[in-house]
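Below is one structure, written out as structure tokens; the observations come after it.
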Amino acid sequence: MSLISNYISEKNNAKEKILSVFLTAGFPDKNNFVELALDILDAGADMLEIGFPFSDPLADGPIIQHSSQSAIENGMNLHKVLLILKEIRQNTKKPLILMGYANPILRYGKSKFAIDAIASGANGIIIPDIPIEEYDGFFDSSFNPIDKILLITPTTTKDRIKKIDSVSNGFVYCVSVSGTTGSLNNKVDETINFLTNAYSLVTNNKMLIGFGISNRDDIKIFSPYCDGVIVGSAVIKSLMEDTSGFRKTLTFISDLKDELIRSTRQ
Amino acid sequence: MSTPNNYFQPDFSGKFGKYGGKFVPETLITPLKELEETYFQLLKDDNFNKELDKLNKEFSGRPTPLTFAEGLTNYYKRAKIYLKREDLCHTGAHKINNALGQILLAKKLGKKRIIAETGAGQHGVATATVCAKFGMKCFVYMGEVDIERQSLNVFRMKLLGAEVIPVSSGSRTLKDATNEAIRDWVTNVNDTHYIIGSVVGPHPYPMMVRNFQSIIGFETKEQIQIAENRLPDYIVACVGGGSNAIGIFYPFLNSGVKLIGVEAGGYGINTNKHCATLTLGREGIFQGMKTYLLQDNDGQVSEVHSISAGLDYPGVGPEHSYLKDEIIADYFSVSDEEAIKATELLSQKEGIIPALESAHAIAYLEKLTPSTAKDEIIIVNVSGRGDKDLYTIKNFLGY
């Protein structure tokens, strides 16, 4: 059993659904990023997905494109992201996941990356441009000790969901809408249908949903169909607009977690 | 589609050796599978093949001629030079070959909305054209820099009823237009077909676009047999994504003909302002494919430059990466300045104003011809005509 899935199970058993927060490493400011990440965990995030930036993020909408671009301009690279991760790890036991595109890893060296990421304290990795077709060719045995979290989406067929569930570990990342990160969820019935089906098909793993989860209402509507939610663009957007020394963003995180607990225990 | 000379690429997973593949977000996997299945069905469908043949003939004006370039041949006084005249296709470039094939595919898939990316605007115009003909809604993504330098093509697309969507992210050129088109496809995948304009992106696109473009090479093979009763010694084509090059190369792979791809050297390959991907790039994963890529040491894609909007791209079709590694084709580059000189040369020696993209292939004659003999034959693919580039050429020459 992986640390991530154990952790999710423990929380779920205590009638808490998971709040996973995505942050772009080094955004908005690389100097106080570690502090911000730890504050977000304290405010109620159960785990963090630390995004390492790529110049051409295909699966991302304008908000995360912006944070990635800004992180690159701030000099962020995979090497620095791992140092940041290590510092966060020294101050928390919660799961830490790396998320980003394949090319920076390829350039860093795949095996070297796997070894360094594990040594820095990463528990899982999400690479949106490595679908199962490319899984075996990309993840060599040096990735064995780290959870490789795969995605399913509304276009994923039933058989494929089962296959992905059998390969993924840590959890299955369920993308609730066809679209890029930060997409609006404006077809609620359709989404609930999909989530109901997906949730019944994902039997080996816990299932967290992301893309299109941006406020308490979304959590109220969608949390019955998953073991937790992932919030990314909404947090990045909040950080971009926050002039209160991140107090507003931290309150936003506490509210989301509060809603997750409330909806689960109702 | 006959497979040439024991050449069987890609494999079933869409790999050309280690290149190609499907490095895309999960949302696109099922649509790509549907696309591949439908494409293979259509390949075996006589009606589809007949319809495409008819359109190629009666709508595009194929076959395009193979013209003996007497003026150029006399100028260089070496090998005989022939020009494959894709500039004479309807819409002015080879891009229509692929657009026609894919619009029939979109019809078969039941899609109502078409999206495309464009650099020089030639693929955008070709897509807008086939959408007008088949009554489909057309949205073309184009970088703001390219909108500026290819304004005539922007107007052509609008006149044809397409909507041109300006892209302001990244370098605001072809790469970014492609990113936006892929994001649109991820979002609207149920009713939308994405007509990729080159042999790039995830499988099956590089294979499919090559096959639609290989009509250039198959015609050339027949035409040179008629003209000279033998195969040429050299075939030269420009490479951005590489669709016109792979189109003319394909039937000649492993046949002993020297295949030469010419990349955009921009301000020079010793500067960082060029698009010489195969010359200076390194293996990368980008826009759904594994291929040579111009990138920095952190794996960030480089900002590239070419005077030619159609070549201004940091990646390249995965099959070219394979052909380079296997030494089945050779790749070189020429600079902006050399391309402009070649434009003048072809205009004045042959009465043909080439697209700036194609001018890169012409420019390579300067380097190639001195080592050739009079009894040798060179074929250059003139992939498009130069009307769209007149402002750029005029500014460069300071008129």
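Lettering of chains follows the sequences in order, A, B, ..., and the numbering in each one begins at 1. Please read all numbers here as calculations on a predicted model, not as lab measurements.
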Against chain A, label [X] side chain, backbone, both or neither, depending on which of its atoms sit under 4.5 Å from a heavy atom there.
X: B:S169; result: side chain
X: B:F23; result: both
X: B:D184; result: neither
X: B:N188; result: neither
X: B:K15; result: side chain
X: B:V189; result: side chain

For [X] versus [Y], what's the shortest heavy-atom pair and its separation?
X: B:T118; Y: B:D146; value: O-OD2, 4.3 Å
X: B:V200; Y: B:Y205; value: O-CB, 3.5 Å
X: B:E36; Y: B:F12; value: OE2-O, 4.0 Å

Q.
Tell me if the centroids of the rings in B:Y267 and B:H305 come within less than 6.0 Å of each other.
A.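 Centroid separation for B:Y267 and B:H305: below 6.0 Å.
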**Q.** Residue B:E326 excluded, over 12 heavy atoms near CD under 6.0 Å
**A.**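 Atom CD in B:E326 is packed in, count exceeds 12.
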Q. Just wondering, are more than 12 heavy atoms of other shown residues or ligands nearer than 6.0 Å to NZ in A:K163?
A.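 It does not: A:K163 NZ has 12 such atoms or fewer within range.
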Select one option (side chain, backbone, both, neither) describing which atoms of [X] are under 4.5 Å from chain B's heavy atoms.
X: A:F52; result: neither
X: A:F54; result: both
X: A:T156; result: both
X: A:I127; result: neither
X: A:I72; result: side chain
X: A:P154; result: neither

Q: Give the member of A:P131, A:S183, A:P53, A:P104 that has the highest number of heavy-atom pairs under 4.5 Å with chain B.
A: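 Sorted descending by pairs with chain B, the first entry is A:P131.
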(Q) Please rank A:R160, A:R107, A:H79, A:E133 by heavy-atom pairs under 4.5 Å with chain B and give me the top one. (A)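 Highest number of heavy-atom pairs under 4.5 Å: A:R107.
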[X] [atom1] to [Y] [atom2] distance, which is reported to the nearest 0.5 Å:
X: B:L28; Y: A:T155; atom1: CG; atom2: OG1; result: 7.0 Å
X: A:D56; Y: A:N103; atom1: CG; atom2: CG; result: 9.0 Å
X: A:M99; Y: A:L48; atom1: CE; atom2: CG; result: 13.5 Å

(Q) Does this structure show an ion pair linking B:R210 with B:E319, if we count only N-O contacts that are shorter than 4.0 Å? (A)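 Salt bridge present between B:R210 and B:E319.
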(Q) For the interface with chain A, which of B:T30, B:I29, B:I182 has the highest count of heavy-atom pairs at distances below 4.5 Å? (A)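 So the answer, after comparing B:T30, B:I29, B:I182, is B:I29.
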